[in-house]
Amino acid sequence: DHLLLSDCEHPGIVAAAEELRRRYGIKVSVCPLMATLNQGDPVEVIAQHLRPTTRLVVLSHILWNTGQVLPLADIVALCHQSPSQVAPVRVLVDAAQSVGVLPLDLAKLGVDYYAFTGHKWWCGAAGAGGLYVRSDLLETTHPTLIGWRGISKDQKGHPTGFLPDARRFEVATSDFALWGALRAAIATHHPWGTGIDRYERICHLSHLLWQGLSALDAVQCLRTTPPEAGLVRFRLKIDPMQSTRT
């Protein structure tokens, strides 16, 4: 079986893929999405790197190291409908930089798995996040970690299988205060407008930042056009270690 990553994934994602390779002998390869930041088609790049044995594509909705927003709906459609595949390719999304930024309709996007953290754009407490699993995949998606909260039991208390809903992914005792903190953090965003309103505001502010940085001689913005979300990535053209002390 083959797992496809992009070349813009976070080291934590890459390390997990490498461990799957070590444990189970799967094939892992990388497609070059970095080069599509200012030109090129990410969907076409992914299409060129799918194999008949590809089972999972893992990528970020917003790339953490460039700020590029990937056309996720088109990528999902490609993976689910590619005629060269033996079976539909599942899509697992790292949503750390997209949840709390983009107005999302996960059912419309058709994505299979969408995992996010609550401490970034939701401004919640560290240590809480969430995993969206498409409802028709719940029964066949087995948890990696297993504990008493995720299993069904018979009258004698013996395990009989996993619970049929999202509780199957719960393991043991949780820090429920974190969930209350995340709920409160999310609630603070609602008075600022709808998801679309908030996204437009984020884009407006990131555009102003991008313009300001682009006007500095010592700074090179990675994007040649205004950012599509809240991340503005840039490089310094000077070596700060060689700057003159005053």
Side-chain angles (χ1 to χ4, degrees), residues 5-6 8-14 16 33-34 36-37 42 57-76 90-135 137-138 141 166 169-170 174-213 221-223 225-234:
L5 295 171
S6 87
C8 293
E9 300 314 313
H10 192 275
I13 301 297
V14 177
L33 294 190
M34 179 77 75
T36 68
L37 175 60
V57 172
V58 181
L59 43 74
S60 301
H61 199 166
I62 297 179
L63 303 181
W64 74 283
N65 46 11
T66 68
Q68 181 180 4
V69 181
L70 294 182
L72 187 57
D74 294 335
I75 293 171
V76 170
R90 304 302 181 200
V91 180
L92 168 61
V93 179
D94 177 353
Q97 297 295 342
S98 55
V99 167
V101 177
L102 301 178
L104 294 170
D105 184 338
L106 297 182
K108 186 175 181 180
L109 287 172
V111 65
D112 301 297
Y113 310 101
Y114 203 82
F116 71 95
T117 179
H119 73 271
K120 292 185 180 292
W121 292 93
W122 278 137
C123 304
L131 170 66
Y132 165 88
V133 180
R134 214 177 73 205
S135 58
L137 297 179
L138 268 176
T141 302
F169 301 110
E170 300 293 344
S174 297
D175 187 347
F176 290 104
L178 289 178
W179 299 114
L182 179 57
R183 183 188 296 271
I186 293 173
T188 64
H189 293 253
H190 295 319
W192 301 339
T194 66
I196 294 176
D197 294 333
R198 298 195 300 270
Y199 172 62
E200 291 177 347
R201 177 64 175 168
I202 289 171
C203 288
H204 171 69
L205 294 174
S206 63
H207 188 174
L208 293 177
L209 176 59
W210 175 83
Q211 283 183 317
L213 290 172
C221 289
L222 298 190
R223 288 189 63 94
T225 55
E228 303 167 291
L231 291 182
V232 181
R233 298 305 298 257
F234 62 90

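This is a predicted model, so every value here is computed, not measured. Because only heavy atoms are used, hydrogens play no part in the values below, and waters and symmetry mates are left out as well, while side chains stay in.
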- Nearest heavy-atom contact between A181 and A125 is CB-CB, 4.1 Å

- Message: So which atom in V101 and which in G230 form the shortest heavy-atom distance, rounded to 0.1 Å?
- Response: CG1-N, 4.3 Å

- Say whether, by atom type as modelled, one donor and one acceptor occur between the side chain of H189 and the main chain of W122 under 3.5 angstrom. yes

- Message: To the closest 0.5 Å, what do you measure between NE2 (H61) and CD1 (I75)?
- Response: 8.0 Å

- In short, T66 meets L222 closest at the heavy-atom pair CA-CD1, 4.4 Å

- Message: Quick one: does any side-chain atom of S174 pair with a main-chain N or O of F176 as donor and acceptor, under 3.5 Å?
- Response: no

- Note on the structure: All heavy atoms of V111 vs all of Y132, minimum pair found to be O-CE2, 3.6 Å

- Task: Rounded to the nearest 0.5 Å, what's the gap from CG on L208 to OG on S206? Could you check?
- Result: 8.0 Å

- Evaluate the side chain to side chain contact (heavy atoms under 4.5 Å, CB included) criterion for residues N65 and E9: first the C-alpha distance (whole Å), next the side-chain angles of each, then the deciding distance (0.1 Å), finally the verdict. CA-CA 8 Å; N65 46 11; E9 300 314 313; over 6 Å; no

- Query: Under 3.5 Å, is there a donor-acceptor pair between the side chain of R90 and the main chain of V58?
  - Reply: no

- Do side-chain atoms of E228 reach the backbone of V69 as a donor and acceptor pair under 3.5 angstrom? yes

- OG of S6 to CD1 of I13: how many Å apart, nearest 0.5 Å? 10.0 Å

- Between Q97 and S60, a side-chain donor and acceptor under 3.5 Å: no

- If only atom types and distance count, is the side chain of T117 paired as donor or acceptor with the main-chain N or O of G129 below 3.5 Å? no

- Using a 4.5 Å cut-off on heavy atoms from C-beta on, say whether the side chain of L70 contacts that of L33. yes

- Item | Euclidean distance, L178 CG relative to L182 CG, rounded to 0.5 Å | 8.5 Å

- Got L138 and F169 here, is their nearest side-chain heavy-atom distance under 4.5 Å? yes

- Query: Looking at CG of L104 and CG of L72, how far apart are the two atoms once the value is rounded to the nearest 0.5 Å?
  - Reply: 9.0 Å

- Message: Looking at R198 and G193, would you say the former's side chain and the latter's main chain have a donor-acceptor pair under 3.5 Å?
- Response: yes

- Item | Exercise: do T141 and Y113 side chains pair donor with acceptor under 3.5 Å | yes

- When every non-hydrogen atom of W121 is compared with those of A96, the smallest separation belongs to CD1-O, 3.9 Å

- Message: Check whether D112 reaches the backbone of V91 with its side chain - one donor and one acceptor, N or O, closer than 3.5 Å.
- Response: yes

- Going by heavy atoms in the side chains, are W64 and P11 under 4.5 Å from each other? yes

- Do V76 and D74 pass the side chain to side chain contact (heavy atoms under 4.5 Å, CB included) test, and can you show the C-alpha distance, the side-chain angles, and the key distance before you say yes or no? CA-CA 5 Å; V76 170; D74 294 335; over 6 Å; no

- Task: Show your working on side chain to side chain contact (heavy atoms under 4.5 Å, CB included) between Y114 and V99 and close with a plain yes or no.
- Result: CA-CA 9 Å; Y114 203 82; V99 167; 3.6 Å; yes

- Quickly, which of L231, I62, T36 forms a side-chain contact (heavy atoms from CB on, under 4.5 Å) with Q68? Name it, please. T36

- Query: What distance separates R233 CZ from L213 CG, expressed to the nearest 0.5 Å?
  - Reply: 12.0 Å

- Note on the structure: Heavy-atom closest pair (P191 atom, T188 atom, distance to 0.1 Å) is CD-O, 3.3 Å

